[in-house]
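All values reported here derive from a predicted model rather than from experimental measurement. Heavy atoms only: backbone and side chains are in, while hydrogens, waters and symmetry mates are out.
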Amino acid sequence: YITSLPKDWVEQYKEKEIAVAIETDNTIRLIPKSYLTKHREVTIDLDLYKDSRIIEYQILTYYMQGAEKITVTSKESIDINLKRKLKDLLNELIGADITDERANTLTYEILIKVDEYKINEIIEKINKFIDDIHKDTVTAINNLNKQLATEISERVKDGIKKYRLIIRQIAIASYNPILARKIGINYTKELIVYGLVASYLNRIIYHISSVNN
């Protein structure tokens with residue numbers, strides 16, 4: 001069979017390699033391979049913000065949105081205390097590393113490949129993690145064990161890191177159906193379901209953390 005493609009689309013993507021993905025409802029999706037493999041790079045201008053918490057929030061958000069390189073830059077040298085805070089963010093991002101550091105620049109690269117992890121497996125791990133800290137929280141409350149409660153509050157950070165990784169997977173899968181299948185998402189509409197599941201799991205972690213605090 002031969003079919004025609006929209007002229008504008010063909011002119012926009014003048015290349016030889018096109019990926020073909022078949023949805024579960026037998027819809028055929030054509031995607032330029034360069035679109036699937038392009039690096040998503042973002043730059044945050046420090047000079048536009050006075051509150052360092054906004055910078056930290058942006059870095060975490062861009063990570064979850066699927067950025068592969070995040071550069072924080074300023075016209076002047078970055079304050080040493082702020083730079084220390086930004087470096088500490090590595091502890092909250094699975095697979096992130098700082099690959100370029102100068103007086104006025106800090107660059108994160110996300111080296112982890114999300115297609116190496118099945119999304120259901122990560123959800124199962126988070127569920128097991130939640131079950132464990134929930135049991136420990138009950139013990140801490142029954143025994144008024146402040147030391148255990150403090151330890152649980154620290155442990156919660158690992159669950160939040162896994163949550164961010166799931167959101168990153170979902171974000172990338174939303175525009176890359178081939179990768180979506182590799183991680184176990186076979187139909188675009190499933191992205192909404194997985195997004196809700198991730199949100200609920202994160203909410204449970206938040207409540208457990210609040211109880212211990």
Side-chain angles (χ1 to χ4, degrees), residues 3 5-6 8-10 12-13 15 17-44 56-70 89-90 92-97 108-131 133-134 156-209:
T3 185
L5 298 173
D8 292 343
W9 190 89
V10 174
Q12 183 178 356
Y13 300 106
E15 55 181 284
E17 289 193 278
I18 300 292
V20 178
I22 301 177
E23 301 285 359
T24 53
D25 63 351
N26 290 327
T27 300
I28 295 178
R29 181 180 297 194
L30 305 179
I31 314 107
K33 283 193 175 179
S34 61
Y35 179 75
L36 301 180
T37 58
K38 68 179 181 180
H39 298 283
R40 304 184 66 193
E41 301 181 8
V42 294
T43 300
I44 301 173
E56 295 175 43
Y57 178 80
Q58 283 191 320
I59 293 170
L60 296 175
T61 301
Y62 282 130
Y63 170 88
M64 290 188 287
Q65 289 178 345
E68 296 186 9
K69 181 180 287 187
I70 306 169
L89 278 181
L90 287 178
E92 301 185 36
L93 304 173
I94 296 176
D97 196 10
Y108 302 80
E109 280 200 44
I110 318 304
L111 306 176
I112 191 171
K113 296 185 181 299
V114 295
D115 59 356
E116 294 179 355
Y117 301 86
K118 297 291 186 181
I119 192 166
N120 283 343
E121 293 176 0
I122 297 181
I123 288 176
E124 288 175 4
K125 288 180 180 179
I126 293 183
N127 204 46
K128 174 67 166 56
F129 171 84
I130 288 174
D131 188 44
I133 60 174
H134 179 263
V156 158
K157 296 177 183 178
D158 289 332
I160 297 175
K161 284 163 61 175
K162 291 184 177 68
Y163 159 74
R164 292 195 181 106
L165 179 60
I166 287 183
I167 297 300
R168 180 178 176 84
Q169 280 189 311
I170 293 171
I172 296 175
S174 68
Y175 66 84
N176 190 332
I178 295 177
L179 179 139
R181 280 161 180 72
K182 287 184 179 179
I183 65 174
I185 298 176
N186 298 313
Y187 189 40
T188 305
K189 290 182 179 179
E190 292 178 0
L191 292 167
I192 300 173
V193 177
Y194 279 109
L196 287 172
V197 170
S199 176
Y200 292 148
L201 291 173
N202 184 54
R203 179 56 56 181
I204 296 171
I205 293 173
Y206 170 79
H207 286 309
I208 293 176
S209 176

Side chains of [X] and [Y]: closer than 4.5 Å at any heavy-atom pair?
X: Tyr108; Y: Leu90; result: yes
X: Lys161; Y: Leu93; result: no
X: Glu92; Y: Ile160; result: no
X: Val197; Y: Ile166; result: no

From [X] atom [atom1] to [Y] atom [atom2], the distance as rounded to the nearest 0.5 Å:
X: Leu30; Y: Trp9; atom1: CG; atom2: CH2; result: 5.0 Å
X: Ile94; Y: Leu165; atom1: CD1; atom2: CG; result: 5.0 Å
X: Glu68; Y: Arg40; atom1: CD; atom2: CZ; result: 8.5 Å
X: Asp97; Y: Leu111; atom1: CG; atom2: CG; result: 6.0 Å
X: Ile70; Y: Ile44; atom1: CD1; atom2: CD1; result: 6.5 Å
X: Ser209; Y: Ile133; atom1: OG; atom2: CD1; result: 8.0 Å

Can you name the closest pair of heavy atoms from [X] and [Y] and give their distance?
X: Ile185; Y: Glu190; answer: CA-OE1, 3.6 Å
X: Ile183; Y: Ala173; answer: CD1-CB, 4.2 Å
X: Gly195; Y: Ile170; answer: N-CD1, 3.6 Å
X: Met64; Y: Ala171; answer: O-CB, 3.3 Å
X: Ser174; Y: Leu191; answer: CA-CD1, 3.5 Å
X: Val156; Y: Phe129; answer: CA-CZ, 4.0 Å

Please tabulate, for the side chains in residues 116-126, all donor-acceptor contacts under 3.5 angstrom to protein atoms that are two or more places apart in sequence or on a different chain.
unit_1, atom_1, unit_2, atom_2, d
Lys118, NZ, Lys182, O, 2.6
Asn120, OD1, Tyr194, OH, 2.8

Side chain to side chain contact (heavy atoms under 4.5 Å, CB included) between Arg168 and Ile110, worked out | CA-CA 11 Å; Arg168 180 178 176 84; Ile110 318 304; 3.5 Å; yes

Under the side chain to side chain contact (heavy atoms under 4.5 Å, CB included) rule, what do Asn176 and Asp115 come out as? Steps first, then yes or no, please.
-> CA-CA 11 Å; Asn176 190 332; Asp115 59 356; over 6 Å; no

List in chain and number order the residues that pass side chain to side chain contact (heavy atoms under 4.5 Å, CB included) with His207, two or more places apart in sequence or in another chain; answer none if no residue qualifies.
->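 Checked His207 against side chain to side chain contact (heavy atoms under 4.5 Å, CB included); matches are Arg203.
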
With sequence neighbours left out, write down each residue that passes side chain to side chain contact (heavy atoms under 4.5 Å, CB included) with Gln65, or none if nothing qualifies.
->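 Side chain to side chain contact (heavy atoms under 4.5 Å, CB included) check on Gln65 returns Thr61, Tyr62.
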
Backbone of Val114 reached by a side-chain donor or acceptor of Gln169 within 3.5 Å =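 Yes, the answer is positive, given that a donor and an acceptor are paired below the 3.5 Å cut-off.
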
Ile192, CD1 atom: more than 12 neighbouring heavy atoms under 6.0 Å |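 No, the 6.0 Å shell around CD1 holds no more than 12 heavy atoms from other groups.
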
Step by step, work out the side chain to side chain contact (heavy atoms under 4.5 Å, CB included) result for Tyr163 and Leu201.
-> CA-CA 8 Å; Tyr163 159 74; Leu201 291 173; 6.0 Å; no

Pair Arg164-Leu60, side chain to side chain contact (heavy atoms under 4.5 Å, CB included): steps then yes or no = CA-CA 8 Å; Arg164 292 195 181 106; Leu60 296 175; 3.7 Å; yes

